[in-house]
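Since the structure comes first, as structure tokens, the remarks are kept for the end.
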There are 2 protein chains.
Amino acid sequence: MEQKRSDIIANQIEELIFDGTFGDEYRLDEVQLADRFAVSRTPVREALLRLAQSGLVEHRPRRGVFVKQPGPIALMEMFEVMAELEATAARFAAHRITDEAIGELKDANQRCNTAVEAQDTEKYYRENEQFHAILYRESGNGFLEQECLRLQRRLQPFRRTQLRLRGRLKQSMKEHEQIVLALENGDAVQASDAVRAHVAVQGEKFHHLMASLKTAAA
Amino acid sequence: MEQKRSDIIANQIEELIFDGTFGDEYRLDEVQLADRFAVSRTPVREALLRLAQSGLVEHRPRRGVFVKQPGPIALMEMFEVMAELEATAARFAAHRITDEAIGELKDANQRCNTAVEAQDTEKYYRENEQFHAILYRESGNGFLEQECLRLQRRLQPFRRTQLRLRGRLKQSMKEHEQIVLALENGDAVQASDAVRAHVAVQGEKFHHLMASLKTAAA
DNA sequence: ATTCGCATTCTTGTATACAAGGTTGTTGAC
DNA sequence: GTCAACAACCTTGTATACAAGAATGCGAAT
């Protein structure tokens, strides 16, 4: 067995929360989930514990665990922190990055570009993630890298939504190129600022998107 | 019951790891721990899962869980990230902080001072933590606050060691005052820089301490 | 004597049984 | 008709039983 069943289950439940099958405040019933995944309550409980730790669900003692979708404020806060973490990674990377890694970034960017032209948002999304992952790695700080990846994963579904906005992809590509340029020049301040803006704008776009949905619904 | 037994056990095990009872690479036997805490394996397993999530122990499938003390490099990396997170909190706080909170910081500082003069390192330690906690809160970003508290908690035992260095306490106090001053002036850059330096120096001091211990042992 | 193979044993991972607290619905009194 | 108290049920939390993989030790063969 490559991994425990509870890990697999945790990922599956995560997916179900992300895609909206389990909405906000939905109570995750242990026996129901155990039934769904054809296992006993034990691995389900372990999975739920993991999700509670990562903040995706809330654990109310003797009551159960409930889906805790972040509200617009929490989301903005998370994007704000993400922007700062990535900006830090970029600042560190500006001093430490190798020519080879610059090449990797350019390659990833290239793949992003082809995805944009093929209108393959799914592919763009993956390659975009890859681009950022390289940046984290090149910060030269393994702990920072892990923290960035963790938060990236957490924000994944919301970033996804936001990318569908018209014209955002092309703009995003330009920003990537600016980031690479700053890194190439070893300009820590510019790299940092470019990355911060690039990430922060996603939070803002998301916010606008939410607001427009809200007014449309009202 | 105010909290689950697994939570209590997790904290106890954490404590035992922090105070060195369980050294690096020590295997945490489930039945042994269950015996020690007079419970069944179930809550112990849940506690170990939590510790694995927080990175304090490593979980090797079908092998067991092992204490994973961070090495000097990992520790430096963590302090580096902590410095950046706190610097960010300070930058945000410089714009958002209230007069009342400034007063709270000054009070906390005052209590630190009395602790220093009473040579009560334990008290100094607690009050120092409080000072930083106020800073996190005043960032106005709840998510950032939580992340800071999490990392603060993780680095707690190492910070503690470092504070014992001669003259560090007085120096640390001066830095606190500079931080408050910068915040009072609403100077985001200076507040941010002061906090970054204040935290980063802890990592460096710790590094020196480790190095001296190493050469002494050799 | 050393090493390979097999079997025993020990530990983790999962399922089930039991305990304890929480929820809900019904019944009776006002 | 409404509200409160009680009881039955349901869910979580914990303990124990069972299954399966990994470590270990013994023995045989080279």
Side-chain angles (χ1 to χ4, degrees), chain A residues 1-18 20-70 153, chain B residues 1-18 20-70 153:
Chain A
M1 193 186 315
E2 75 273 280
Q3 58 181 337
K4 293 200 299 178
R5 283 206 256 217
S6 59
D7 286 344
I8 301 168
I9 291 168
N11 291 335
Q12 301 238 19
I13 295 175
E14 229 178 56
E15 201 51 41
L16 290 169
I17 292 173
F18 286 163
T21 305
F22 298 143
D24 194 29
E25 284 296 311
Y26 181 87
R27 174 163 154 279
L28 295 165
D29 190 287
E30 292 180 1
V31 296
Q32 201 173 305
L33 289 168
D35 195 48
R36 177 194 266 260
F37 295 114
V39 293
S40 78
R41 278 175 55 217
T42 311
V44 171
R45 278 180 65 80
E46 295 189 351
L48 291 178
L49 276 172
R50 198 179 107 182
L51 296 181
Q53 276 272 267
S54 77
L56 211 68
V57 300
E58 190 181 352
H59 189 111
R60 302 181 194 149
R62 288 277 179 197
R63 301 284 183 78
V65 311
F66 298 80
V67 174
K68 194 175 78 178
Q69 295 281 15
R153 182 166 162 64
Chain B
M1 192 185 316
E2 74 271 284
Q3 57 180 338
K4 292 201 300 179
R5 285 207 254 222
S6 59
D7 286 343
I8 301 168
I9 291 169
N11 290 335
Q12 301 239 18
I13 296 175
E14 229 178 55
E15 202 50 41
L16 289 169
I17 292 173
F18 285 163
T21 305
F22 299 143
D24 195 30
E25 283 297 309
Y26 181 87
R27 176 165 152 277
L28 296 166
D29 191 287
E30 291 180 1
V31 296
Q32 200 173 305
L33 288 168
D35 196 46
R36 177 194 266 260
F37 295 113
V39 294
S40 77
R41 278 175 53 217
T42 311
V44 172
R45 280 180 65 79
E46 293 188 352
L48 292 178
L49 276 172
R50 198 180 105 180
L51 297 181
Q53 275 278 288
S54 77
L56 211 67
V57 300
E58 191 181 352
H59 190 110
R60 302 183 195 148
R62 287 277 180 196
R63 300 285 183 78
V65 312
F66 298 80
V67 175
K68 194 176 78 178
Q69 295 283 13
R153 182 166 161 67

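Values in this document were obtained by computation on a predicted structure and should not be read as measured data. In what follows, chains are A, B, ... by sequence order, proteins preceding strands, each numbered from 1.
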Under 4.0 angstrom between Thr42(B) side-chain N/O and dT14(D) OP1 or OP2: no

Rounded distance (nearest 0.5 Å) linking atom CZ of Arg45(B) with atom CG of Leu28(B): 13.0 Å

Whole angstrom value for the distance that separates C1' of dT12(C) from CD of Gln32(B): 15 Å

Residues Leu33(A), Leu48(A); criterion side-chain contact (heavy atoms from CB on, under 4.5 Å); working and verdict: CA-CA 10 Å; Leu33(A) 289 168; Leu48(A) 291 178; 4.2 Å; yes

Whole angstrom value for the distance that separates C1' of dG13(D) from CD1 of Ile9(B): 12 Å

Heavy-atom closest contact (Gly23(B) atom, Val67(B) atom, distance): O-CB, 3.2 Å

Side chain proximity check, Arg50(B) to Asp7(B), heavy atoms < 4.5 angstrom: yes

Listed pairs, N/O of protein and of nucleotides 9-12 of chain D, under 3.5 Å:
residue : atom : partner  : partner atom : Å
dT11(D) : O3'  : Arg27(A) : NH2          : 2.7
dT12(D) : OP1  : Arg27(A) : NH2          : 3.3
dT12(D) : O2   : Arg62(A) : NH1          : 2.8

Shortest non-hydrogen contact between Leu16(B) and Arg36(B), atoms and distance: CD1-NH1, 3.7 Å

Distance, rounded to the nearest Å, where Asp7(A) contributes CG and dT12(C) contributes P: 16 Å

Which side-chain N or O atoms in residues 54-61 of chain B pair as donor and acceptor under 3.5 Å with protein atoms at least two apart or in another chain?
residue  : atom : partner  : partner atom : Å
Ser54(B) : OG   : Leu51(B) : O            : 3.1
Arg60(B) : NH2  : Glu25(B) : OE1          : 3.2
Arg60(B) : NH2  : Glu25(B) : OE2          : 3.2

Rounded distance (Å) that lies between atom P of dA15(C) and atom CG of Leu33(A): 14 Å

